[in-house]
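Reading through the structure tokens given below for one structure.
Numbers here simply count residues along the sequence, with the first being 1. In listed order, ligands and their atoms are each counted from 1.
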Amino acid sequence: MNYFDKVLSAPLKDNPIIMGIETSCDETAVAIIKGGREILADVIISSATEHAKFGGVVPEIASRSHTTAILKATEQALSNASLTLDDIDAFAVTEGAGLLGALLVGVSFAKSLAYSTGKPLIPVSHIRGHIAAAYLADKELKPPFISILASGGHTAIVAVDDYYTFNVFGSTIDDAVGEAFDKVARVLSLPYPGGPNVERLAKDGKNNIVLPKMLKNYSGGEFDFSYSGLKTAVINYVHNQKEKGVEINRADVAASFQHAAVDVIIDKAFKAAERRGYKTITVSGGVGANGYLRETLKARAEKDGVKLVLPEKRYCTDNGAMIGAEGYLQYKKRNFADLSLNAKAVVPLK
Ligand code: KG4
Ligand code: ZN
């Protein structure tokens, strides 16, 4: 029997041990997850410092770094979990969205592991992975819930109706919120990665600069976002003040931007929960690590009597555990790939 027929006909386990492999951007991440919820190991090797001198992720450097880090991350994960490759029941890997060359390292590596062990290969959507991180944060969490998806590539309010059914209430019509954080960081001369540095600077600032209201005359969906105008407004403010010879208070700019960028996400998420009659909100994606977002959400959830599931910061930014968690759900559906699996720059949420 060939590889694919064999994995398709093998019985499924109730509590499979799944390796999650993530290489879509600048983190080489490998985790081992049992039964979809228990983290047995979780290794992240980041190449962020190599990109910092260029002010953003350099795809070619990211791919090369994955190539050198992937075996190390895998061996480390197995060793941390006191397991061997033979104990792994399936290999889940991010197939997209992300940088193609970077993704290909993880996809090719996962394929070779699956083929050599005769175990299933599970393609995972990066975005679904981010959303699934919530299942690791709260072992009792069950859909339905509203997920705030706020990353470097996506910004959306998603209704997770059941484990496999997603309805996007609204999303960004241009830049993602993380992208806006990164661009504002640049104009404030903060190093990559921008988000955490904007947050740090904002701690010393006040929300006292008036920035334009998002999508003021927009006739599209009420849950949509636009970060391009906000980003441009910040850039214009900084340049105009410079031209006038007025020294800007960088911390105030950071704080004002952070408020404008985050408050709108929170408002729309709670409105979506109310509209849908859902009592739980979760957070996913790198911007979910933002302290201001987290604290504001906590306060609002308490006030509104909504249950909030906040994954640890480590599980908001890219990691392998979230790929293992989503991989488990796909395992249960036997959504396995054959060895022609390829990386995809874009994967619809579906
Ligand atoms: O989810 P993620 O790790 O990768 C993508 O799938 O895009 O998100 C990365 C994004 C970057 O834009 C980064 O600046 C932002 O998340 N980010 C933050 C924070 N930590 C990461 N933004 C604001 N505050 C943070 N603490
Ligand atoms: Zn991500």
Side-chain angles (χ1 to χ4, degrees), residues 20-29 31 44-48 51-52 55-57 59 62 93-99 102-103 106 124-134 147-156 158 171-172 175-188 190-203 205 225 227 230-231 234 254-255 257-266 282-297 310-323 325-326 344-347 349:
I21 299 172
E22 153 64 39
T23 65
S24 70
C25 194
D26 58 346
E27 265 97 29
T28 313
I44 301 175
I45 300 176
S46 175
S47 59
H51 304 286
V57 176
V93 62
T94 306
E95 64 166 337
L99 304 169
L103 288 161
V124 169
S125 140
H126 184 79
I127 304 170
R128 281 199 180 210
H130 270 304
I131 293 173
S147 183
I148 296 174
L149 174 63
S151 72
H154 297 86
T155 308
V158 181
S171 57
T172 181
D175 295 353
V177 58
E179 207 178 337
F181 265 94
D182 294 336
K183 285 181 181 157
V184 166
R186 274 188 146 185
V187 83
L188 294 175
L190 294 167
Y192 173 85
N197 288 317
V198 171
E199 179 185 349
R200 223 164 284 136
L201 181 61
K203 285 205 175 87
F225 301 91
Y227 281 98
L230 177 60
K231 166 200 75 188
V234 173
F257 162 75
Q258 185 170 258
H259 271 265
V262 165
D263 290 351
V264 63
I265 299 179
I266 295 176
T282 72
V283 179
S284 51
V287 183
N290 182 273
Y292 171 71
L293 174 104
R294 297 170 78 87
E295 292 313 313
T296 314
L297 269 174
L310 264 185
E312 273 174 49
K313 294 182 181 185
R314 180 183 176 86
Y315 299 114
C316 289
T317 47
D318 291 348
N319 63 87
M322 68 185 203
I323 303 305
E326 176 61 19
K344 297 171 182 69
V346 180
V347 177
L349 187 58

Around atom CZ of Arg294, are there more than 12 heavy atoms from other residues, nucleotides or ligands closer than 6.0 Å?
yes

To the nearest 0.5 Å, atom CD of Glu295 lies from atom CG of Asn290 at 10.0 Å

Least distance between heavy atoms, Gly320 atom then Glu22 atom:
CA-CB, 4.2 Å

With a 4.0 Å cut-off on heavy atoms, is Pro193 touching ligand 1?
no

Atom indices of ligand 1, in the order listed, that fall short of 4.0 Å to a heavy atom of His130:
1 (O), 6 (O)

Heavy-atom pair of closest approach, residues Glu199 and Gln258
CA-OE1, 3.4 Å

Give the residue, atom name and distance (to 0.1 Å) of the protein heavy atom nearest atom 12 (O) of ligand 1.
Asp182 OD2, 2.7 Å

Considering only the protein, which heavy-atom contact is closest to atom 2 (P) of ligand 1, and what is its distance?
Asp318 OD1, 3.4 Å

Give a yes/no answer: is there an N/O/S atom of Cys25 under 2.8 Å from the Zn ion (ligand 2)?
no

Would you please say whether a donor-acceptor pair under 3.5 Å links the side chains of Thr23 and Thr28?
no

Taking N or O atoms only and a 3.5 Å limit, does Glu199 qualify as a polar contact for ligand 1?
yes

Atoms of ligand 1 close to Gly152 [distance to a heavy atom under 4.0 angstrom, numbered from 1]:
5 (C), 7 (O), 8 (O), 9 (C), 10 (C), 12 (O)

Quick one: which ligand 1 atoms are inside 4.0 Å of a heavy atom on His126?
6 (O)

Considering heavy atoms of the protein only, find what lies nearest to atom 24 (N) of ligand 1 and give residue, atom and distance to 0.1 Å.
Asn290 ND2, 3.0 Å

Polar contact flag for Gly195 and ligand 1 (N/O pairs, less than 3.5 Å):
yes

Do side-chain atoms of Thr155 reach the backbone of Val177 as a donor and acceptor pair under 3.5 angstrom?
yes

How are the rings of Tyr292 and His259 set to each other: parallel, tilted or perpendicular (split at 30° and 60°)?
tilted

Side chains of Asp318 and His130 in contact at under 4.5 Å (non-hydrogen atoms):
yes

At a 4.0 Å threshold, what atoms of ligand 1 neighbour a non-hydrogen atom of Gly153?
7 (O)

Location of contacts on Pro196 toward ligand 1, heavy atoms closer than 4.0 Å
both

Taking Thr94 for its side chain and His126 for its backbone only, find out whether a donor-acceptor pair lies under 3.5 Å.
no

Please confirm whether Gly286 comes within less than 3.5 Å of ligand 1 when only nitrogen or oxygen atoms on both sides are compared.
yes

Backbone of Gly153 reached by a side-chain donor or acceptor of Ser151 within 3.5 Å:
yes

Give the atoms of ligand 1, by number and element, whose distance to some non-hydrogen atom of Gly178 is under 4.0 Å.
12 (O)

Considering only heavy atoms, which of Val287, Leu149, Asp26 lies nearest to atom 15 (C) of ligand 1?
Val287

Among Ile265, Leu230, Asp175, which one satisfies side-chain contact (heavy atoms from CB on, under 4.5 Å) with Phe225?
Ile265

Minimum-distance atom from the Zn ion (ligand 2) among N, O or S atoms of Asp318:
OD1

State whether His126 contributes an N/O/S atom found under 2.8 Å from the Zn ion (ligand 2).
yes

